[in-house]
Amino acid sequence: MKMKDALVCIILCLCAASIEGQSFADDKKDDPSQIGNRDVEGFNCYSLEKEIAMGKQLAGEVQRQAKLMDDPIIAEYVNRVGQNLARNSDAKVPFTFQVIDDSTLNAFALPGGFVFVNTGLVTAAETEAEMASAMAHEIAHVAARHMTRQACRAKIANIATIPLIFLGGWGGYAIREAAGAAIPMTFLTFSRGYEAEADYLGLQYLYAAGYDPTAALDMFEKMMSLERGKPGSIAKVFSTHPMNGDRLKKAQAEIQRILPQKAEYVVNTSEYADVRGRLLAIENRRKLRSTDKDPKAPVLRRSPGSGAPERDWVE
């Protein structure tokens with residue numbers, strides 16, 4: 001980047017930062033009937049084409065290093081739910097949704113529409129609407145182009161490793177921590193602002209896709225409960241924007257303020273129950289195989305005789 005262009009970028013970024021604290025819930029942004037006909041992106045020093053290329057490169061790294069779910073039924077279903085939500089969003093990019101075989105409750109988005117969902121989210125969400133609420137939140141990050149907007153600020157702060165924050169709760173967080181590239185508190189503050197905006201837009205996308213928006217509140221409560229009862233069960237990256245009572249109350253107030261009541265909503269489907277049951281069965285089979293390989297586990301030996309069925313007894 002030439003010096004002149006860099007100075008222009010810095011000036012524009014500083015101007016954008018100066019109005020960051022203003023409410024984003026104005027004009028068309030608090031009218032879900034205007035989804036797709038409004039600008040939710042804010043200032044960005046990256047072109048959309050460059051953002052997609054960046055996301056594709058980062059997604060390739062995830063695909064190379066993470067274990068993707070190899071069950072086609074689960075993968076296809078999650079992608080289909082995601083595509084339906086994306087069609088009811090403000091995003092201007094095509095989306096791909098992939099499932100990571102990881103029991104940690106997490107989902108994260110990369111620039112340009114690349115979204116990854118951990119199997120831990122599917123097992124934790126008891127209804128399709130709950131799972132969809134987390135996915136809608138990630139779609140909102142993409143629609144508002146939060147990742148590249150954050151990178152624009154990083155240019156001002158001269159943090160060379162900032163793209164690693166895009167990797168959310170996956171390996172990027174650990175890589176960044178190991179590299180010692182600490183993010184200033186102003187970045188964490190902005191991150192919370194982006195999280196609030198993603199909560200706000202995600203609720204609208206969930207609603208526009210036909211789901212009960214209160215499922216997002218249920219998911220918030222579930223995450224709060226999980227983290228209290230089993231620390232570490234939720235991706236570490238959430239520590240910068242924790243699920244807390246204030247965030248829950250704010251989402252509840254926004255539902256009442258901007259989302260008109262509908263006669264009916266989608267809460268759950270039989271297909272989601274089947275897919276979640278399929279995933280839980282896969283995980284249970286893995287646990288059994290793990291127990292069988294455990295050298296400390298009891299050794300089973302067939303009882304003498306030729307009777308059928310044979311009885312197992314512990315040696």
Check the pair Phe116, Leu68 against side chain to side chain contact (heavy atoms under 4.5 Å, CB included), reporting the backbone distance first and the verdict last.
CA-CA 9 Å; Phe116 292 86; Leu68 296 181; 4.3 Å; yes

Pair Met69-Gln98, side chain to side chain contact (heavy atoms under 4.5 Å, CB included): steps then yes or no
CA-CA 8 Å; Met69 189 68 196; Gln98 292 184 285; over 6 Å; no

Run the side chain to side chain donor-acceptor pair (under 3.5 Å) test on Glu195 and His146 for me, step by step, so that the C-alpha distance in whole Å, both residues' side-chain angles and the decisive distance to 0.1 Å come before the verdict.
CA-CA 9 Å; Glu195 285 303 315; His146 286 156; over 6 Å; no

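Residues Val62 and Phe114 fail the side-chain proximity criterion, which asks for heavy atoms closer than 4.5 Å. Within the 4.5 Å cutoff, side-chain heavy atoms of Tyr211 are placed close to those of Leu85. The shortest distance between side-chain heavy atoms of Thr123 and Ser103 does not fall below 4.5 Å. You'll find the side chain of Val93 reaches within 4.5 Å of the side chain of Val142, heavy atoms only. Counting heavy atoms from C-beta outward, Met135 and Val78 have side chains that approach closer than 4.5 Å. A heavy-atom distance below 4.5 Å is not found between the side chains of Ile100 and Thr119.
For the atom pair Ile52 CD1 and Leu110 CG, the distance stands at 13.0 Å (nearest 0.5 Å). Distance CD/Glu254 to NZ/Lys249: 14.5 Å, rounded to 0.5 Å. Here the CG-CD1 distance, from Asp90 to Ile35, works out to 6.0 Å after rounding to the nearest 0.5 Å. Atoms CD1 and CD1, on Ile74 and Ile282 in that order, are 4.0 Å from each other to the nearest 0.5 Å. For the atom pair CD of Glu138 and CZ of Phe108, the computed distance is 9.0 Å after rounding to the nearest 0.5 Å. A distance of 15.0 Å separates CD in Glu51 from NZ in Lys56, rounded to the nearest 0.5 Å.
In this structure, Thr104 contributes its side chain and Asn106 its backbone to no donor-acceptor pair below 3.5 Å. Side-chain atoms of Ser47 come within 3.5 Å of backbone N or O of Lys50 as a donor-acceptor pair. For Glu130 (side chain) and Glu126 (main-chain N/O), a donor-acceptor pair under 3.5 Å exists by modelled atom type. Checking side-chain atoms of Ser225 against main-chain N and O of Lys222 turns up no donor-acceptor pair under 3.5 Å.
Ion pairing of Asp102 with Lys67 is absent here, as no side-chain N (NZ or NE/NH1/NH2) approaches a carboxylate O to less than 4.0 Å. Note on Lys250 versus Asp199: no salt bridge recorded, every NZ/NE/NH1/NH2 to OD/OE distance being 4.0 Å or above. No salt bridge links Asp39 with Lys28; every basic N to acidic carboxylate O contact stays at or beyond 4.0 Å. Salt-bridge formation is detected for the pair Arg64/Glu61: a Lys NZ or Arg NE/NH1/NH2 atom is positioned less than 4.0 Å from an Asp or Glu carboxylate oxygen. A salt bridge links Asp101 with Arg286: the distance from a Lys NZ or Arg NE/NH1/NH2 to an Asp or Glu carboxylate oxygen falls below 4.0 Å. The pair Glu128-Arg276 does not count as a salt bridge, with every side-chain nitrogen at least 4.0 angstrom from each carboxylate oxygen. For Lys92 and Glu41, the salt-bridge test passes: some basic side-chain N is under 4.0 Å from an acidic carboxylate O. A salt bridge between Arg80 and Glu271 is present, with a side-chain N of the basic residue lying under 4.0 Å from a carboxylate O of the acidic one. With respect to the salt-bridge test (charged N to carboxylate O, under 4.0 angstrom), the residues Arg149 and Glu197 qualify.
Pairing each heavy atom of Leu217 with each of Ala251, the nearest pair is CD2-CB, 3.7 Å. Here the shortest heavy-atom pairing between Leu226 and Leu105 reads CD1-CD1, 3.4 Å. Looking at every heavy atom in both residues, Leu206 comes nearest to Ala129 through CD1-O, 3.9 Å. Of all the heavy atoms in Val40 and Lys29, the pair that sits closest is CA-CE, 3.6 Å. Of all heavy-atom pairs spanning Tyr205 and Arg38, the tightest one is CE2-NH2, 4.0 Å. The nearest pair of heavy atoms linking His141 to Ala198 is CE1-CB, 3.5 Å.
Around atom CD of Gln83, more than 12 heavy atoms belonging to other residues, nucleotides or ligands sit under 6.0 Å away.
With Tyr46 as the aromatic partner, Arg145 does not meet the cation-pi criteria of under 6.0 angstrom to the ring centre and within 45 degrees of the ring axis.
Ring pair Phe95/Phe97: centre-to-centre distance below 6.0 Å.
Under the 30°/60° scheme for interplanar angles, the aromatic rings of Tyr77 and Tyr272 are found to be tilted.
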Please table the atom pairs, donor to acceptor, closer than 3.5 Å between any side-chain atom in residues 258-267 and protein atoms at least two apart or in another chain.
| unit_1 | atom_1 | unit_2 | atom_2 | d |
| --- | --- | --- | --- | --- |
| Lys262 | NZ | Tyr207 | O | 2.9 |
| Tyr265 | OH | Lys262 | N | 3.0 |

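Transitive grouping of hydrophobic side chains (ILVMFWY, heavy atoms separated by less than 4.5 Å) keeps Leu121 and Leu280 in distinct clusters.
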